[in-house]
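A, B, ... follow the sequence lines: proteins, then strands. Residue 1 opens every chain.
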Amino acid sequence: MNDVLATLTSAQRDAVTFMDGPLLILAGPGSGKTRVITHRVAHMLQQGVSPQQILALTFTNKAADEMRERVRSLAPRQEVWMGTFHRFCAQLLRSRAEMVGLAPNFTIYDADDSLRTVKRAIKETEKDAGFCSPDQVMRAISWAKNNFITHDRYKPSSGSPLGETVKRVYPVYQDLLLASNAVDFDDLLVYVATLLKESDEIRADLDDAYRYVMVDEYQDTNLTQYAIVRAISHHHPNLAVTGDPDQSIYGWRGANLSNILEFENDYPSVRVVRLEDNYRSTARICHVADVLISHNTRRKEKTLIARQGGGRQVRLIRYATHREEADAIADRVVAEAAAGKRRLCDFAVFYRINALSRVFEDALRARGVPYQIVSGVEFWQRKEIKDVVAYLQLLCNPRDDNAFSRIVNVPTRGIGKTTLERLSAHARRRRICLLDAAREAGVVESISKRSAVAVAKFAALYDRLAEGISLSLEKLMTLVLTESGYLAMYQDSDAPDDQERAANITELVTAGREFDVEHPDGSGLEAFLEQAALVNDVDDWEEENECVTLMTLHAAKGLEFPVVFIVAVEQGILPVERARDDEDRVEEERRLLFVGITRAKEDLDISFVRTRQFRGSSRVAIPSPFLENLPRDEMELVGFAANGRNDGLTIDYDGAQDGADAPWTDEEFDQTAAPVNPGMPQLPGVQLTTAADMLAFAEGKSVSQSSSDEFETGMAVIHPEYHIGKIVSISGSGAKRMATVNFVEYGQKRFLLSKSPLRPVRR
DNA sequence: TGTGAGTTGATTTTT
DNA sequence: TCAACTCACA
């Protein structure tokens with residue numbers, strides 16, 4: 001046997017060697033998924049598949065880099081394209097930009113740029129938008145795009161004021177983007193999906209070019225990504241997807257769990273491989289995770305088979321206050337590190353929301369323990385970095401109005417809000433970009449003489465900078481920084497913040513220099529900006545760093561640590577209060593806890609407190625209902641009432657500390673509860689249950705309505721919760737027609753056919 | 001136009 | 001708690 005297969009288990013080997021046809025790899029946590037993917041690629045290469053025919057799509061650059069690295073060591077010198085969906089789409093779109101009305105030098109807006117643009121769009125359409133925040137509108141638009149609903153197909157659900165606003169703002173937002181020759185993250189996907197849908201030639205070309213497509217973390221794909229993947233795996237359905245429905249934690253970003261749950265329906269000839277062995281965690285940790293997740297309904301039944309020994313009991317700890325919680329954890333870290341039992345990098349603290357990190361930072365700092373926070377304020381998101389990048393963006397794409405407004409008065413040049421508004425009114429009248437409008441400022445009557453001079457000076461500055469456009473990035477950046485006076489603004493200041501900003505800018509220049517070295521072919525500006533937009537990932541998280549890691553549960557996905565502390569497992573925090581009334585969202589929160597638990601290799605502490613200071617005020621904290629989903633009899637309970645009943649989870653308010661307010665009341669919850677999927681477009685009368693149907697609807701096709709008489713005994717059917725099953729018997733008729741279905745995973749269930757979401761499995 | 005005090009309102013965030 | 005935004009004044 002060749003060495004690519006030698007070290008694999010039989011299940012892993014199945015997944016690696018199955019090359020032709022659709023493949024679904026259900027990979028539990030710690031099951032060696034990355035190994036399987038990389039070995040699969042290496043195996044294909046060994047079998048003579050050309051590297052150009054393989055496409056591997058991931059969600060993060062980090063995952064892609066890691067895979068590329070590992071494939072490289074297995075199969076040297078055969079470069080396979082591996083990267084994120086967004087990068088793949090960006091590259092594709094560069095070469096076909098004109099087809100969607102863009103120029104090839106389009107700018108990719110990040111979340112912040114997009115939000116600014118939404119604000120501008122709101123200003124144009126809404127007289128009084130007081131009732132809905134730009135943030136909500138942005139989210140609704142993003143939601144629509146993730147569901148492949150373009151602005152012309154957007155229909156608000158009836159009676160939703162937010163929906164009505166979105167209906168007006170969405171097209172204007174698209175206009176602004178187009179006028180600026182810019183796209184947002186979601187557009188990258190939407191444009192490519194549109195191209196594939198509208199041009200069968202492009203679709204067939206790509207389908208043909210990429211004979212073997214792999215998608216990692218398939219449970220996180222949204223409908224638009226689904227459309228892309230399906231389109232390029234049509235004639236050559238050699239599509240392998242890996243994922244774990246239990247680790248889907250990005251539903252709020254539009255991830256569609258149905259994609260993975262119904263993969264078998266989309267590709268009936270699919271081969272399913274389950275990787276259930278867990279090589280990461282102790283048996284006890286696996287068991288806790290397994291019991292917890294079994295409380296979810298929308299999933300594929302799966303157990304974690306522990307391959308490690310029993311290990312230490314998982315601890316469930318109640319502390320009096322958040323401070324005590326943090327102190328206890330910090331003390332334990334100090335004790336174990338001092339005793340030489342553990343290194344600092346063995347420890348990780350996970351919390352649901354960033355705002356909770358403070359106490360832990362304080363506790364660690366007080367003890368002199370180094371720590372790192374993952375994904376705090378990202379480098380590229382910093383104001384000073386975004387400003388400098390905006391100068392570069394404007395140089396690369398002069399039509400970028402967003403970049404223009406960002407920097408036109410930074411450092412201050414006497415061009416204020418009023419001038420900018422007048423300039424922008426002029427630009428709109430003449431249908432030109434702001435930079436061109438600036439060149440005409442002198443002839444705009446409403447603009448005062450003094451302001452016009454200031455604007456003209458800025459235009460002149462721009463032209464001077466533009467002369468350096470073909471310089472190396474390092475030189476261009478230096479030119480920008482000195483000519484604009486931007487760097488001096490911070491250097492001349494004594495404030496320590498400003499000094500730090502100046503240092504960050506120096507770091508940016510260094511990044512530019514490195515980029516120059518890596519891309520000696522010149523024309524690096526566009527590529528550098530694309531990198532800056534899509535490679536947010538300066539991932540300062542270094543495994544090797546000798547320090548404790550603090551991060552959100554979301555950030556923890558894909559990582560592992562010997563010792564894990566999951567803190568603040570309390571009602572209103574995990575699950576977050578807004579998930580409260582929506583069972584799907586509660587399940588997602590439960591999966592989040594599942595992800596956290598399964599990161600732990602040896603030791604796991606789950607904790608909550610009785611009073612927590614949060615957002616300034618102290619509250620009695622209620623233990624999370626998820627704690628009741630844990631096998632508490634088999635866990636070590638610490639800090640519970642010493643009355644012998646191990647029921648410290650029953651809520652008692654005796655322990656309310658001084659200064660604590662009353663616990664959350666129902667009214668408070670109701671007031672904060674957001675509507676489900678705000679701005680989600682209205683769906684037709686039929687219940688759309690499968691991804692394929694949703695896609696058809698999004699694309700404006702009529703959805704085949706399943707009438708109850710298309711069912712018959714013996715037919716294979718699919719159900720959103722119970723998945724695949726077979727009709728054993730049918731009784732009654734018309735609206736009262738009932739079917740008894742035997743589900744593969746869930747056994748027999750009975751349905752009223754006219755009401756049920758059952759659908760026949762297409763063959 | 002630019003600045004300081006006051007108000008408000010808060011998840012998670014692969015790209 | 002804290003940062004982002006508004007509004008009044010210099």
Side-chain angles (χ1 to χ4, degrees), chain A residues 57-64 83-90 108-115 119 130 133-136 138-139 142 145-146 183-189 216-217 219-222 224-225 247-255 322 350-359 362 374-378 380-381 383 409-421 448 450-451 454 530-537 539 551-559 568 572-580 585 588-589 591-592 595-596 613-618 671-672 674:
Chain A
L57 296 168
T58 65
F59 280 82
T60 65
N61 293 297
K62 203 169 142 211
T84 64
F85 267 98
H86 293 263
R87 188 177 276 273
F88 174 71
C89 291
I108 300 169
Y109 279 1
D110 69 7
D112 182 69
D113 299 324
S114 311
L115 189 63
K119 284 179 189 163
S133 68
D135 215 62
Q136 286 176 301
M138 180 77 253
R139 232 172 313 170
S142 178
K145 288 182 177 180
N146 287 155
V183 301
D184 65 20
F185 284 143
D186 303 318
D187 280 339
L188 289 170
L189 306 174
D216 190 23
E217 307 281 14
Q219 77 280 352
D220 289 336
T221 49
N222 59 41
T224 310
Q225 287 161 329
Q247 292 184 64
S248 162
I249 54 177
Y250 285 100
W252 52 275
R253 286 281 280 105
H322 62 291
F350 301 157
Y351 35 80
R352 174 63 238 260
I353 47 184
N354 283 124
L356 293 171
S357 72
R358 257 304 270 287
V359 228
D362 290 346
V374 173
S375 88
V377 183
E378 292 280 345
W380 296 100
Q381 315 275 21
K383 179 193 176 302
N409 200 31
V410 184
T412 49
R413 301 187 174 94
I415 303 168
K417 217 169 102 191
T418 347
T419 310
L420 198 55
E421 251 160 40
S448 73
R450 203 174 67 179
S451 304
E530 184 169 313
Q531 184 100 342
L534 298 180
V535 185
N536 212 354
D537 200 24
D539 249 22
M551 61 176 133
T552 63
L553 285 160
H554 282 92
K557 195 166 97 166
L559 306 177
I573 293 179
L574 182 69
V576 283
E577 40 199 273
R578 279 152 134 183
R580 205 183 191 226
R585 296 186 64 181
E588 181 155 311
E589 298 285 310
R591 291 194 291 269
L592 203 46
V595 166
Q613 203 174 62
F614 186 51
R615 296 223 262 263
S617 69
S618 211
Q671 278 164 14
T672 50

Asker: Just to verify, what does Ala568(A) make a side-chain contact (heavy atoms from CB on, under 4.5 Å) with, not counting sequence neighbours?
Answerer: Leu356(A), Glu570(A), Ile573(A), Arg612(A)
Asker: Report all interatomic pairs (protein N or O, nucleotide N or O of nucleotides 1-7 of chain B) with separations under 3.5 Å.
Answerer:
residue	atom	partner	partner atom	Å
dT1(B)	OP1	Thr419(A)	OG1	2.8
dT1(B)	OP2	Thr418(A)	OG1	2.3
dG2(B)	OP1	Gly414(A)	N	3.3
dG2(B)	OP2	Asn409(A)	ND2	3.1

Asker: Whole-Å distance between dT11(B) P and Arg578(A) CZ?
Answerer: 6 Å
Asker: Suppose we screen for side-chain hydrogen bond (donor to acceptor under 3.5 Å, both in side chains). Which residues come up paired with Asp362(A), at least two apart in sequence or across chains?
Answerer: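 None.
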Asker: Below the 4.0 Å mark, does dT11(B) have OP1 or OP2 next to a side-chain nitrogen or oxygen of Arg615(A)?
Answerer: yes
Asker: Arg358(A) and Gln613(A): side-chain donor and acceptor closer than 3.5 Å?
Answerer: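 Per modelled atom types, Arg358(A) and Gln613(A) side chains form no pair under 3.5 Å.
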Asker: When the distance from NZ of Lys62(A) to P of dT14(B) is rounded to whole Å, what number comes out?
Answerer: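 Nearest whole value for this atom pair: 11 Å.
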Asker: Which protein N or O atoms sit under 3.5 Å from an N or O of nucleotides 2-8 of chain C?
Answerer:
residue	atom	partner	partner atom	Å
dC2(C)	OP1	Arg358(A)	NH1	2.5
dC2(C)	OP1	Arg358(A)	NH2	3.3
dC5(C)	OP1	Lys119(A)	NZ	3.2

Asker: For the pair made of CG in Asp113(A) and P in dT13(B), what is the distance, rounded to whole Å?
Answerer: 19 Å
Asker: Who are the side-chain contact (heavy atoms from CB on, under 4.5 Å) partners of Ala556(A), not counting sequence neighbours?
Answerer: Phe350(A), Met551(A), Arg599(A)
Asker: Please give, in whole Å, the distance from dT15(B) P to Glu217(A) CD?
Answerer: 12 Å
Asker: Side chain of His554(A): nearest nucleotide among dT11(B), dT12(B), dT14(B)?
Answerer: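 Among dT11(B), dT12(B), dT14(B), the one nearest the side chain of His554(A) is dT12(B).
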Asker: Quick one about Thr224(A) and Asn146(A) (side-chain donor to acceptor, distance below 3.5 Å, no hydrogens or angles considered), yes or no?
Answerer: no
Asker: State which of dT15(B), dA10(B), dT12(B) makes the closest approach to the side chain of Arg352(A).
Answerer: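 Per side-chain heavy atoms of Arg352(A), the pick is dT12(B).
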Asker: Looking at Arg585(A) and dT11(B), is any side-chain donor or acceptor paired with a base atom of the opposite kind under 3.5 Å?
Answerer: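 Yes, the side chain and the base share a sub-3.5 Å donor-acceptor pair.
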Asker: May I ask you to verify whether the side chain of Arg253(A) and the base of dT15(B) hold a donor-acceptor pair under 3.5 Å?
Answerer: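 Check passes, donor-acceptor contact within cut-off.
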Asker: Mind checking what makes side-chain hydrogen bond (donor to acceptor under 3.5 Å, both in side chains) contact with Arg413(A), not counting sequence neighbours?
Answerer: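 By the side-chain hydrogen bond (donor to acceptor under 3.5 Å, both in side chains) rule, Arg413(A) matches Tyr391(A).
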Asker: Provide, to the nearest angstrom, the distance between the CD1 atom belonging to Ile353(A) and the P atom belonging to dT11(B).
Answerer: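 Distance check: Ile353(A) CD1 to dT11(B) P gives 7 Å.
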Asker: Are OP1 or OP2 of dT13(B) and a side-chain N or O of Asn354(A) less than 4.0 angstrom apart?
Answerer: yes
Asker: Taking Phe85(A)'s backbone N and O only, do any of them form a donor-acceptor pair with Gln225(A)'s side chain (distance below 3.5 Å, no angle check)?
Answerer: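 Judged by distance alone, no pair lies under 3.5 Å.
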Asker: Please list, chain by chain and in numerical order, all residues satisfying salt bridge (Lys or Arg N to Asp or Glu O under 4.0 Å) with Asp135(A), sequence neighbours excluded.
Answerer: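 Counting only residues at least two positions away or on another chain, Asp135(A) forms a salt bridge (Lys or Arg N to Asp or Glu O under 4.0 Å) with Arg139(A).
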Asker: What residues, two or more places apart in sequence or in another chain, satisfy salt bridge (Lys or Arg N to Asp or Glu O under 4.0 Å) together with Asp110(A)?
Answerer: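 Applying salt bridge (Lys or Arg N to Asp or Glu O under 4.0 Å) to Asp110(A) gives Lys386(A).
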Asker: Between dT14(B) and Asn61(A), is there an OP1 or OP2 to side-chain N/O distance shorter than 4.0 Å?
Answerer: no
Asker: Report yes if a side-chain nitrogen or oxygen of Thr58(A) is closer than 4.0 Å to either non-bridging phosphate oxygen (OP1 or OP2) of dT14(B); otherwise report no.
Answerer: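 The answer is no; no side-chain N or O of Thr58(A) sits under 4.0 Å from OP1 or OP2.
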Asker: Rounded to whole angstrom units, what separation is found between the CZ atom of Arg139(A) and the P atom of dA10(B)?
Answerer: 9 Å
Asker: Find the distance Met551(A):CE to dT11(B):C1' and express it as a whole number of Å.
Answerer: 18 Å
Asker: Can you tell me the distance, in whole Å, between the CZ atom of Phe614(A) and the P atom of dG9(B)?
Answerer: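 Whole-Å distance recorded here is 16 Å.
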Asker: Syn versus anti for dT11(B), judged by chi lying within 90° of 0?
Answerer: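 In terms of base orientation relative to the sugar, dT11(B) is syn.
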Asker: My understanding is that only residues two or more places apart in sequence, or in another chain, count here; which of them pass salt bridge (Lys or Arg N to Asp or Glu O under 4.0 Å) with Lys557(A)?
Answerer: Glu217(A), Asp220(A)
Asker: Would you check if Trp252(A) stacks with the base of dT12(B), given a 5.5 Å centroid limit and a 30° plane limit, both strict?
Answerer: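 It does: the two rings, one from Trp252(A) and one from dT12(B), meet the stacking criterion.
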